[in-house]
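Here is how names work: the chains are called A, B, and so on, in the same order as the sequence lines, proteins then strands, and each is numbered from 1. Keep in mind it's a predicted model, so treat the numbers as computed, not measured.
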2 protein chains.
Amino acid sequence: MTKAEDDVASLRHKPLTARELARLLGVSQSAVSRAFTPGSSITPELRQRILKAAAELNYHPNAIASMLSKRRSNIAGIVVSEMQNPFYPTLIEKLSRGLQRVRLQSLMFNITRGSNVEEQLVALRQYNVDAVIIISATVLSGASVRWATEGRAAVLVNRTIPDLSVTSVSCDNVEGARAIADHFHALGRHRVSYVAGLAHTSTNLERQNAFVTRVAELGMRLVHCIAGGEYSYDAGYRAGLDIARGKDTDAVFFANDILAAGGFDALTEIAKLRVPEDIAIAGFDDVALTRWPHYSLTTFRQPVDAIVDKTVDLIMQQLSDATLPSSHNALSGELIIRHSTVGKQPLEIIGENKPSPLTNSL
Amino acid sequence: MTKAEDDVASLRHKPLTARELARLLGVSQSAVSRAFTPGSSITPELRQRILKAAAELNYHPNAIASMLSKRRSNIAGIVVSEMQNPFYPTLIEKLSRGLQRVRLQSLMFNITRGSNVEEQLVALRQYNVDAVIIISATVLSGASVRWATEGRAAVLVNRTIPDLSVTSVSCDNVEGARAIADHFHALGRHRVSYVAGLAHTSTNLERQNAFVTRVAELGMRLVHCIAGGEYSYDAGYRAGLDIARGKDTDAVFFANDILAAGGFDALTEIAKLRVPEDIAIAGFDDVALTRWPHYSLTTFRQPVDAIVDKTVDLIMQQLSDATLPSSHNALSGELIIRHSTVGKQPLEIIGENKPSPLTNSL
DNA sequence: GTAAGCTTTGCATCCGGATGCAAGCGCTGT
DNA sequence: ACAGCGCTTGCATCCGGATGCAAAGCTTAC
């Protein structure tokens, strides 16, 4: 044991420390520290000399030590649970890039069925992350969220918890669902259905309520309101079969794009319905596959960039002012009309502006 | 500034430290430390007393401090670049769970066009990660990889770099490509094509070379070898159109499933070819969409779980023995035959065993 | 009863940087 | 020339746990 450890230690030639570098240059360790701290009290000449030597000797300040003394980890913990939905990898990638812009690294905490949530949250606290970003319409209880976020900057993305004073950022689901309903109405559809995702999630509830309400306002009939049970292709497929059996729906709104893709295939390939002539289909999110020619799915685009920017912005604000009150931010999205509701002809007329249906898709 | 900082500090009620807890219990800080260190010299009674108090007072050892003194971060840095391909989110999720099992947290480093690679790698080193796992068929130069992995446990997943002595784990691409060629041959196809992904990646090169070689061995004709240029639906779609124009191919192997999906749609919906009657299609990876009824894509399944296990295993070995020589591990996958090569009838006969085509897909 | 041998505990110090404070230095103005 | 002021620099200490070493406590054996 001790032997092995020694071997390891000797082989991993330990990196240069600030003290060592300082000694070599005949300056103090503080000087080295200051050279790497923007805005600290040091002459440009000394700083240059130190930085130059550091570059030559391949010295990099030890982030761990720095964290310890600054009591600041420069790490944002991202709690994720649904990497299966392609919307999330995209979001996370952009988010992690956004965080990097403000010098925050992303420590990922995957919470999935199968992983120990408790343990993950303990780790989250132990790592002293400066900020917690929770991206998961599911899983965490309110109490867990409170515990995980207590006393640190935190943002819930794409999720709200009513009784919890934690800042949240999401797409305006109400706007989106209404836009879909309005679109169906403008197309002259009267017998609409809704396919839910995970029933109890805030995203689903908001979309469902807003859609159902708007449908009633517009005098359309809600034929089915199907509980998909999850945000998956399979659930959408099954729901599509149900709807086809009902034979009465002329427009369906699926709670997200993956559901819609499944529904699309079931409705066209099994039920042999024509889209959009027999039935119009709309999804939500605007993931890559909505642009695939096979689907060309009308959807409500989540303002991903805006969501990321707002999230990063709120984190930064909270970091500089711990008293910042929590807020719920619903960001405006955009209805993207494609073939699945208007067919190929009208699309050109309406002026769908993508130069090619292929541009920009996965 | 100082004012604000003070406010922050006061509001974030700082967590209990080991010294504080020790003082409350009338024991030494070392005792607390030992209570939390398995196998250390402490009586069970004392340990219990400390752990009990710790639980009550909500004390958790500060991981940062622990890292500093142990010179061990318990963090694995995962360098990723292609979150767009659904194969990777799945892999990463499983990998991060596998790492958690051995007490390693995953710090993600997203390397994308647009992000500063250099900076990311510096961060990787600064955080003193114990292990580096590079999952990205692309982007990093050999020199960068060497620099990032130097002196620490490291594994390249799904990628090899010939002249570099860094351990790698990947699917056996040669086996997979040969299996596809053999399958085409067994189906009686004679005029095959290959659609490449990112040309210079090891995954692509291995698949391409093995396929081309095997095709020649079997006496089949290689009609086209198309440079997709990237692993995307669009590239596959364009390649599909090219192949259809050539009119001579009766079986295509796409370098991965996403390419295959694009090719499938182009061949069936634009070129109006029947799959598999006119043309058989195979992909690689076995991502969720291959199971979607619309595609039902024959593919070579990457042994994701085995890849994850092997990777974690190799990391652990390297951590306990720094002298472990590097190795290249190609893990055996599995040919998954679906409708896109054998059609609906034979599938039942061949005995595709999924209880329902929907099971297990996204 | 006491010395040897082992275990448990505490003390002191270290990990590598950050930072408050005071000493050092250079410049200005009289 | 010297007091006064401001900027640089270094010293000492801290961040929160880990750990080698020695002291203390307990067993066992003579």
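- Of the candidate nucleotides C:dG17, C:dG10, D:dA18, D:dA18 has the atom nearest to the side chain of B:Thr37.
- Residue contacts for A:Leu46: at a heavy-atom cut-off of 4.0 Å it reaches the sugar-phosphate backbone alone, with no base atom in range.
- Of the candidate nucleotides D:dG10, D:dT9, D:dA18, D:dA18 has the atom nearest to the side chain of B:Ser69.
- The side chain of B:Tyr59 contributes an N or O atom lying less than 4.0 Å from OP1 or OP2 of D:dG17.
- Counting any heavy atom pair closer than 4.0 Å across all strands shown, A:Val27 reaches sugar-phosphate atoms only and no base atom.
- Protein atom CD of A:Glu45 is 12 Å distant from nucleotide atom C1' of D:dC7, rounded to whole Å.
- Here A:Leu68 lies in heavy-atom contact (under 4.0 Å) with a base.
- The distance from atom NE2 of B:His60 to atom C1' of D:dG16 is 15 Å, rounded to the nearest whole Å.
- In this structure, CG of A:Leu21 is placed 13 Å from C1' of C:dG17, rounded to the nearest angstrom.
- Comparing B:Val32 and A:Arg19 by the nucleotide of DNA chain D that holds the closest heavy atom to each, the one mapping nearer the 5' end is A:Arg19.
- In this structure, B:Ile64 places its CD1 atom 15 Å from P of C:dG17, rounding to the nearest Å.
- Using a 4.0 Å heavy-atom criterion, one finds that B:Ser33 contacts the bases of the nucleic acid, with or without backbone contacts as well.
- Looking at heavy-atom distances under 4.0 Å, B:Ser30 makes contact with a base.
- Remark: side-chain polar atoms of B:Ser73 are not paired, donor with acceptor, to backbone N or O of B:Met67 under 3.5 angstrom.
- When all heavy atoms of B:Leu104 and B:Ile75 are compared, the pair lying nearest together is CD2-N, 3.9 Å.
- The residues A:Arg49 and A:Glu45 are annotated as not salt-bridged, no charged nitrogen and carboxylate oxygen being separated by less than 4.0 angstrom.
- A donor-acceptor pair under 3.5 Å is absent between the side-chain atoms of B:Gln317 and the main chain of B:Leu324, judged by distance alone.
- The shortest side-chain heavy-atom distance between A:Phe109 and A:Val80 does not fall under the 4.5 Å cut-off.
- Listed nucleotides C:dG17, D:dT19, D:dT9 differ in distance to A:Ser41; the shortest reach to its side chain belongs to D:dT9.
- A donor-acceptor pair under 3.5 Å is formed between the side chain of B:Arg152 and the backbone N or O of B:Val129.
- Look at CZ on A:Arg23: it is 17 Å from C1' on D:dG10, rounded to the nearest Å.
- Nearest to the side-chain atoms of A:Lys70 among the listed nucleotides C:dT19, D:dG17, D:dC15 stands C:dT19.
- In this entry the distance linking CZ of A:Arg34 with P of C:dT19 reads 10 Å, nearest Å.
- Here the nucleotide nearest the side chain of A:Ala65, chosen from D:dT9, D:dA18, C:dG17, is C:dG17.
- In this structure, B:Thr43 reaches the sugar-phosphate backbone alone: every heavy-atom distance under 4.0 Å involves primed, P, OP1 or OP2 atoms, never a base.
- Put simply, CD1 on A:Ile42 is 14 Å from P on C:dT19, counting in whole angstrom units.
- Between the CZ atom of B:Arg49 and the C1' atom of C:dT9 there is a distance of 12 Å, rounded to whole Å.
- Taking only side-chain nitrogens and oxygens, A:Ser66 never comes nearer than 4.0 Å to OP1 or OP2 of C:dG17.
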